[in-house]
Chemist: 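What follows is a structure written as structure tokens; I'll ask about it next.
These numbers come from the heavy atoms of this one structure, side chains and all, not from hydrogens, waters or symmetry mates. All chains are named by letter (A, B, ...) in the order of the sequence lines, taking the proteins before the strands, and each is independently numbered beginning at 1.
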Protein chains: 2
Amino acid sequence: MKHPKKKRVTLQEVAKHAGVSTATASLVVRNNPRISDKTRKIVMNSMKELGYVYDRVAANLRSQSSNTVGVIITDISNKFISEFLVGVHETLEEVGYTVLLGTSFDSLAKQDHLLSTMLEHRVGGLILDPVSGSNAETVNRLNQMNTPMVLAVRELPEVKSDYVGINYRKGSLMATNHLIDKGHKRIAFLGGVRTSSTWIERMDGYQYAHDNAGLIIDNNLVVDSPPTREGGLEAVLQVLRNPDPPTAIFCFNDLVAFGVMQGLRKEGFNPGQDIDIVGFDNIPESDVYHPPLTTVSSFPRLTGIEAAKLLHQQMSNDSHEQQRLILEPELIVRESA
Amino acid sequence: MKHPKKKRVTLQEVAKHAGVSTATASLVVRNNPRISDKTRKIVMNSMKELGYVYDRVAANLRSQSSNTVGVIITDISNKFISEFLVGVHETLEEVGYTVLLGTSFDSLAKQDHLLSTMLEHRVGGLILDPVSGSNAETVNRLNQMNTPMVLAVRELPEVKSDYVGINYRKGSLMATNHLIDKGHKRIAFLGGVRTSSTWIERMDGYQYAHDNAGLIIDNNLVVDSPPTREGGLEAVLQVLRNPDPPTAIFCFNDLVAFGVMQGLRKEGFNPGQDIDIVGFDNIPESDVYHPPLTTVSSFPRLTGIEAAKLLHQQMSNDSHEQQRLILEPELIVRESA
DNA sequence: CTGAAAGCGCTTACAG
DNA sequence: CTGAAAGCGCTTACAG
């Protein structure tokens, strides 16, 4: 876990080689304009000659600053999250931060551990896609350390923090309305973790659409599961055992929808014809599924970009008021419904 | 880019509060058995009471060690790479490393910049999925710094380093043979960057299969492109303009295959019936495509795990001989060919 | 515009 | 088993 390295060339050595003081050399590395061009060149030369590599760690320690940002996500395999990460990462690198990545694999214990590690590494800020069921307490440690943070994707009810996410409720409302408009009365809602804010919000929209249409929800048609392909597969198998199965399915996300399609085929149904399906996320592959998936587009990359921007704002402004950014989704109608 | 933080509680303060010397407190934090249980408890208490957070950065500086590892990848959106990253990340976190993530977005300049940044951050080791066209010189900077490194996914001819990757040649051979066995004589090879080792190796296998069968390759059927869905789409449109179009297509990877399918449909062909298609990678979604994709499984996650293990070995053993690990692929026959 | 000295928060010999 | 002091590689006032 530890590994001693060949001795680095230090700034002192560079300074000595260039015949200046360490302070001067330090100013040169940091491009301070107060150094004459002549001196600067001499020092730069010495750096090149000796193969000097700036030690950002020592610099950060001394100046009590940080240019690293921690990013903790739940699961890279999830396309929504990986696209989110692209947005975050791209934006953060642009502004010059280096990112410490942590994956919680949806485990609260791992997330806790990662939070600690990040703090120990003196991150200047943190972007957190929290595990469902994260408690405020865990996260408030960050506030205590005065570390800027933005929460993304999943909102934590009791946590005071910047947040950027999707208007899941509206997306779910649009999806369910679409199915109702097509004449469906028995619409299942499959997948997702019942305690997560993302599930609850989708449930809200699903409920609201039913209420509006004067329909009542059959609770046997609401089956939760991990938000994965496997989860979708299991959920649909369960719901099909129902004596009165659904005629349409609203899926927690596109991954779940794939699993659902697989399950339907396995049971002899033809997805998109016998049973309509709507997904959520509009991951890039959803339009090459079989059949192409009707889904709700939720702009993961943009979510990441905005989260990174918000964090950057927080880190550069001392007086920063809390922000909450909710992106509006869009219904993409394809062949599955 | 910099951000001053509230003053941290230091180990000195803890020591004073506990009535011991800093050295003793330090030994406690690091779980040194040489400290009596009684003293340990007192110190632990003080830490809790004061809200102490270990400063790994200061510790690493002083002890000239590092428990961070840099991971530079080309593109998170690419499912092969993101799965690879999962493997790397999971393994690295298990052994207690924290990962600094960099994405080169396939730009040589960005990769160079990231390498510098990682060195400046004193990473203890590095896993590099190099941009195609990376030159040895760039990478050898690491060797100069004596930083352990393992190359993954793409091999760099002139670079001496551990490497873990896939036997692309064999995978490509299997895929092409499969198409030849089905009676195809005009097999296109679409997508991928012509200068990358991954492309060259696939080309080798494709060539070899043709030679074996006494077939000759029509160079008009070999079209390179970025290894993305968009790239596949463009490549197939180009190859279809051919007066004598192919009857089967071997795709650089599954993403390219999706693009190819889309392109075929757009031009009125029915993928898997009019024209057979084989992909490469076996990404999780490939079996829910339309039609389910015949492809070569290349174990991205395992690749990541092995890369991380190799790096860990290098970092913990001083005498480490160079290793080259090549994973064997597998043909997955589904409906597209 | 440049230099000498102190200090960021730890760990590391060295004594005892 | 514990303590006092030096030092990792930088930056930061403070002088000049």
Chemist: Using OP1 and OP2 only, check whether a side-chain N or O of B:Thr39 sits under 4.0 Å from D:dT2.
Modeler: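 The answer is yes; a side-chain N or O of B:Thr39 sits under 4.0 Å from OP1 or OP2.
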Chemist: When B:Leu311 is tested against each of B:Val69, B:Thr91, B:Val88 for side-chain contact (heavy atoms from CB on, under 4.5 Å), which residue passes?
Modeler: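 Running side-chain contact (heavy atoms from CB on, under 4.5 Å) over B:Val69, B:Thr91, B:Val88 with B:Leu311 returns exactly one hit, B:Val69.
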Chemist: Closest to the B:Arg30 side chain: C:dC8, C:dT12, D:dT11?
Modeler: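 The closest nucleotide is C:dT12.
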Chemist: When the nearest nucleotide of DNA chain D is assigned to B:Pro33 and to A:Val29 on a heavy-atom basis, which residue is associated with the more 5' position?
Modeler: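 Comparing both residues, the 5'-ward one is B:Pro33.
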Chemist: With respect to the side chain of A:Tyr52, which nucleotide from D:dC10, D:dA13, C:dG9 is positioned closest?
Modeler: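 Per side-chain heavy atoms of A:Tyr52, the pick is D:dC10.
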Chemist: Are A:Arg122 and A:Gln64 linked by a side-chain donor-acceptor pair shorter than 3.5 Å?
Modeler: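 There is such a pair between these side chains.
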Chemist: Starting from C1' on D:dC8, measure out to CD on A:Gln12 and report it in whole angstrom.
Modeler: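 Nearest whole value for this atom pair: 11 Å.
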Chemist: Given pairs defined as Watson-Crick or G-U wobble with both distances under 3.5 Å, what dot-bracket annotation applies to DNA chain D, with ( ) intrastrand, [ ] crossing, | other strand and . unpaired?
Modeler: |||.||||||||.|||
Chemist: Send over the distance from B:Leu27 CG to D:dC1 P, rounded to a whole Å.
Modeler: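 Nearest whole value for this atom pair: 11 Å.
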Chemist: Could you tell me how far apart B:Arg62 (CZ) and C:dC10 (C1') are, to the nearest whole angstrom?
Modeler: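 Rounded to the whole Å, the gap is 8 Å.
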Chemist: Please give, in whole Å, the distance from D:dG9 P to A:Glu13 CD?
Modeler: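 Distance check: A:Glu13 CD to D:dG9 P gives 8 Å.
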Chemist: Measure CG/A:Leu61 against P/C:dA6 and give the value in whole Å, please.
Modeler: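 Taking atom P of C:dA6 as the reference, CG of A:Leu61 is at 18 Å.
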Chemist: Let me know which of B:Ser134, B:Ser116, B:Ser104 forms a side-chain hydrogen bond (donor to acceptor under 3.5 Å, both in side chains) with B:Gln111.
Modeler: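 Option passing the side-chain hydrogen bond (donor to acceptor under 3.5 Å, both in side chains) with B:Gln111: B:Ser134.
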Chemist: Strictly by modelled atom types, are B:Gln323 and B:Gln313 linked by a side-chain donor-acceptor pair under 3.5 Å?
Modeler: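 Distance-only check passes for B:Gln323 and B:Gln313.
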Chemist: If every non-hydrogen atom of A:Met118 is compared with every non-hydrogen atom of A:Gly102, which pair is closest and at what distance?
Modeler: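 Taking every non-hydrogen atom into account, CE-N, 3.7 Å.
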Chemist: Is there a side-chain contact between B:Ser26 and the phosphate of C:dC10, meaning an N or O under 4.0 Å from OP1 or OP2?
Modeler: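 No.
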Chemist: Go through the side-chain N and O atoms of A:Asp162 and A:Gln322 and say whether any donor and acceptor fall under 3.5 Å apart.
Modeler: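 Result is no, nothing qualifies.
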Chemist: The side chain of A:Ser63 is closest to which nucleotide in this list: C:dT2, D:dA4, D:dT11?
Modeler: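 Nearest nucleotide to the side chain: D:dT11.
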Chemist: Rounded to the nearest angstrom, tell me the gap between atom CG in B:Asp55 and atom C1' in C:dC8.
Modeler: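 Between C1' of C:dC8 and CG of B:Asp55: 9 Å.
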Chemist: With a 4.0 Å cut-off on heavy atoms, is A:Val57 in touch with a base, just the backbone sugar-phosphate, or nothing at all?
Modeler: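 Result for A:Val57 = nothing.
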Chemist: B:Arg56 has an atom CZ; how far is it from atom P of C:dC10, in whole Å?
Modeler: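 Those two atoms, CZ and P, are 11 Å apart.
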Chemist: Please tell me which of the listed nucleotides, C:dC10, C:dG3, C:dG9, lies nearest to the side chain of B:Tyr54?
Modeler: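 The listed nucleotide nearest to B:Tyr54's side chain is C:dC10.
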Chemist: When you measure from the side chain of A:Ser36, which nucleotide among C:dA6, D:dC8, C:dT2 comes out closest?
Modeler: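 Of all the options, the side chain of A:Ser36 is nearest to C:dT2.
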Chemist: Between A:Glu120 (CD) and C:dC10 (P), how many Å, whole number?
Modeler: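 Answer to the nearest Å: 10 Å.
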Chemist: Looking only at side-chain N and O atoms, does B:Ser21 come under 4.0 Å of OP1 or OP2 in D:dG3?
Modeler: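 For D:dG3, OP1/OP2 do have a side-chain N/O of B:Ser21 under 4.0 Å.
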Chemist: Hey, is the side chain of A:Gln64 poking within less than 4.0 Å of OP1 or OP2 on C:dG9, counting only N and O atoms?
Modeler: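 Indeed, a polar side-chain atom of A:Gln64 lies that close.
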Chemist: Determine, step by step, whether B:Asp106 and B:Arg154 satisfy the salt bridge (Lys or Arg N to Asp or Glu O under 4.0 Å) criterion, reporting the C-alpha distance in whole Å, the side-chain angles of both residues, the deciding distance to 0.1 Å, and the verdict.
Modeler: CA-CA 12 Å; B:Asp106 253 312; B:Arg154 275 182 199 157; 3.6 Å; yes
Chemist: For A:Ser36 and A:Arg40, what are the C-alpha separation, side-chain angles and deciding distance, and is it a side-chain hydrogen bond (donor to acceptor under 3.5 Å, both in side chains)?
Modeler: CA-CA 6 Å; A:Ser36 69; A:Arg40 179 182 311 279; over 6 Å; no
Chemist: Considering heavy-atom distances to DNA chain C, does A:Gly19 or B:Arg34 have its closest nucleotide positioned more toward the 5' end?
Modeler: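 Final value for this comparison: A:Gly19.
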